[in-house]
Amino acid sequence: MAVAGVLALQGDFEAHASMLHRAGAEAREVRTREELDAVDGLVIPGGESTAIGLLAEKHDLVEPLRKRADDGMPILGTCAGMIFCAARVDGRAQPLLGVVDMTVRRNAFGRQVDSFETDLRVKGLDAPLHAVFIRAPWVEEVGSEVEVLAEYDGRPVAVRQGAVLLTAFHPEIAGDDRVHRMFVEAL
Ligand code: GLN
């Protein structure tokens, strides 16, 4: 069985494990380089992207994560995980992995719409996906290597570059495992 790591530095990493099981993978928490070396792919969860980035630096995980991504390791990044994977953030500088050629804007849907739910059409899925957005980013612009899989209000909210799949929403909490299946199929 493929082994899916979940970066467990900060955020809602626990919610991903049951989705990964449902999607047919073994789930393991990753906090060290050795743990990263032992997984076939990695979920980077939602939470606070600045905290995830600073903790990744503190745990000496930034370069190893970039190296695994360069070597083609599948990654699923959700919400703060999406931000952390981006090359550029519109606003104050923060640690980023820079593995997807795009600019993101944090908390982009505005304070008054802190969180919302909607049914999204996602490329590769035949029926709409119920998506939960919580203080979500949107994607401002993407490079030519990036495929947009879903948009909301004209803004990309799910993208893929190579084996890195990113969503601005939280696929781990809506009870639908199809995004995790897309990730697990690539392991
Ligand atoms: N607003 C958070 C950030 O900017 C992301 C929120 C989330 O992951 N649900 O990092």
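Keep in mind that what you see is a predicted model, and the values were worked out from it rather than measured. In each ligand, atom 1 is the first atom listed, and ligand 1 is the first ligand listed.
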Exercise for the section: Could you list all the side-chain hydrogen bond (donor to acceptor under 3.5 Å, both in side chains) pairs where at least one residue sits in residues 119-128, not counting sequence neighbours? Expected result: Asp119-His130
Exercise for the section: Any pair with a residue in residues 176-187 that passes side-chain hydrogen bond (donor to acceptor under 3.5 Å, both in side chains), sequence neighbours left out, goes on the list, sorted by first then second residue, please. Expected result: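 Qualifying pairs: His16-His180, Arg22-Asp177, Asp176-Arg178, Asp177-Arg181.
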Exercise for the section: Please confirm whether Phe169 and Phe116 have ring centers closer than 6.0 angstrom. Expected result: no
Handout entry: Exceeds 12 heavy-atom contacts within 6.0 angstrom, atom CZ of Arg33
Key = no
Exercise for the section: Write out all pairs satisfying ring-ring contact (aromatic ring centres under 6.0 Å, His included) with one or both partners inside residues 33-75, taking only residues at least two apart or from two chains. Expected result: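 Qualifying pairs, neighbours excluded: none.
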Exercise for the section: Test the Arg135-Phe109 pair against the cation-pi criterion, namely NZ or CZ under 6.0 angstrom from the six-membered ring centroid and within 45° of the ring axis. Expected result: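 No cation-pi geometry.
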Which N or O atoms of ligand 1 sit under 3.5 Å from a protein N or O, and how far apart is each pair?
unit_1, atom_1, unit_2, atom_2, d
ligand 1, 1 (N), Asn107, OD1, 2.7
ligand 1, 1 (N), Arg135, O, 3.0
ligand 1, 1 (N), Arg135, NH1, 3.3
ligand 1, 4 (O), Arg106, NE, 2.7
ligand 1, 4 (O), Arg106, NH2, 3.1
ligand 1, 8 (O), Gly47, N, 2.9
ligand 1, 8 (O), Gly47, O, 3.2
ligand 1, 8 (O), Ala80, N, 3.0
ligand 1, 9 (N), Ile134, O, 3.0
ligand 1, 9 (N), His170, NE2, 2.8
ligand 1, 10 (O), Ser49, N, 2.7
ligand 1, 10 (O), Ser49, OG, 2.8

